[in-house]
Novice: 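There's a structure below that I have some questions on.
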Amino acid sequence: MNYWLIKTEPGCFSLDLLKKRPDMTEHWDGVRNFQARNFLRDSIKVGDMALFYHSNIAEPAVVGIVDIVRAGYPDFTALDPNGEHFDPKASPANPIWYMVDVRFRAELPKPVSLADIKENPLLADMPLVRRSRLSVQPVSAVEWQVIMSMGRLTA
DNA sequence: GCCAACGTTGGC
DNA sequence: GCCAACGTTGGC
């Protein structure tokens, strides 16, 4: 079982949206970065959990956690010429891009902001802090526990 | 809205 | 295969 952090802009895919449909899964699609793609395709497994991070807003923060309910499979949004995530190089035989399905698990009673994360020396090695724009990144067990505790979420 | 970081593209 | 130009991300 591994831990991850996935970023979304709440304008297009917010935790609230997931929360409203606790019994449904959602495709987490549109990732167009090779390093992130590799994690989605090769590393993320069913049963893994991910921190749900809202970016590109006034106070970017980890706002909740989601379960990975389906491991990497081809991101069909790359094949839709009218879609926002269309990639002319992708084809059914060579999908290039991958996505996973996630399901709402919990909301953090206290969102953990990027500022909070930067202040905590235990979290200094997170790619998030190292100014990476990576939209899917691994999280260590220790980092996970620290963020759970900062977010006042008890298992 | 600005701009720094950084990944990708394409000419050579 | 180098590297300049360009596009995107995302914090501020």
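In what follows, every chain begins at residue 1, and chains take the letters A, B, ... in the order their sequences are listed.
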Novice: Hey, does A:I57 reach any base, or is it just sugar-phosphate, or nothing, if we go heavy atoms under 4.0 Å?
Specialist: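 No contact.
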Novice: Classify the ring geometry between A:F76 and A:H27 as parallel (under 30°), tilted (30 to 60°) or perpendicular (over 60°).
Specialist: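 Because their plane-to-plane angle is over 60°, the rings of A:F76 and A:H27 count as perpendicular.
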Novice: For a quick test of reading the model: is some side-chain N or O of A:Y53 closer than 4.0 Å to OP1 or OP2 of C:dG11?
Specialist: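 True: A:Y53 side-chain N/O within range (under 4.0 Å) of C:dG11 OP1/OP2.
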Novice: Per the side chain to side chain contact (heavy atoms under 4.5 Å, CB included) rule, which among A:E143, A:M148, A:M150 passes with A:V146?
Specialist: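 By the side chain to side chain contact (heavy atoms under 4.5 Å, CB included) criterion, A:V146 pairs with just one of A:E143, A:M148, A:M150: A:M150.
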Novice: Taking CG from A:D116 and P from C:dG11, how many angstroms apart are they, rounded to a whole number?
Specialist: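 Answer to the nearest Å: 14 Å.
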Novice: What pairs with A:Y98 under ring-ring contact (aromatic ring centres under 6.0 Å, His included), at least two apart in sequence or on another chain?
Specialist: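 With neighbours one apart ignored, the set is empty.
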Novice: Tell me: CD of A:E59 to C1' of C:dC12, nearest whole Å?
Specialist: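 It is 12 Å, rounded to the nearest whole Å.
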Novice: From NE2 of A:H54 over to C1' of C:dC12, roughly how many Å is that when rounded to an integer?
Specialist: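 Value for this atom pair: 19 Å.
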Novice: Applying side chain to side chain donor-acceptor pair (under 3.5 Å), which residue pairs with at least one partner in residues 78-87 of chain A are found, sequence neighbours left out?
Specialist: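 Output for this query lists A:D87-A:W97.
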Novice: Give a yes/no on whether any side-chain N or O of A:K7 is located under 4.0 angstrom from OP1 or OP2 of C:dG11.
Specialist: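 Checking A:K7 against C:dG11: no side-chain N or O falls below 4.0 Å of OP1 or OP2.
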Novice: So which one's nearest nucleotide on DNA chain B is more toward 5', A:N56 or A:R32?
Specialist: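 Between the two, 5'-proximity favours A:N56.
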Novice: For salt bridge (Lys or Arg N to Asp or Glu O under 4.0 Å), just list the numbers for A:D67 and A:R105, CA-CA rounded to whole Å, side-chain angles, deciding distance to a tenth of an Å, and then say yes or no.
Specialist: CA-CA 6 Å; A:D67 286 312; A:R105 184 185 181 92; 2.9 Å; yes
Novice: Using a cut-off of under 3.5 Å, enumerate the N/O to N/O pairs linking the protein to nucleotides 5-8 of chain C.
Specialist:
residue: C:dT8; atom: O2; partner: A:R133; partner atom: NH1; Å: 2.5

Novice: Look at the side-chain heavy atoms of Ile, Leu, Val, Met, Phe, Trp and Tyr, link any pair under 4.5 Å apart, and say whether A:I68 and A:L18 land in one connected group.
Specialist: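 Same hydrophobic cluster.
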Novice: Mind calculating the distance between CG (A:N33) and P (B:dT9) to the nearest angstrom?
Specialist: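 Distance check: A:N33 CG to B:dT9 P gives 11 Å.
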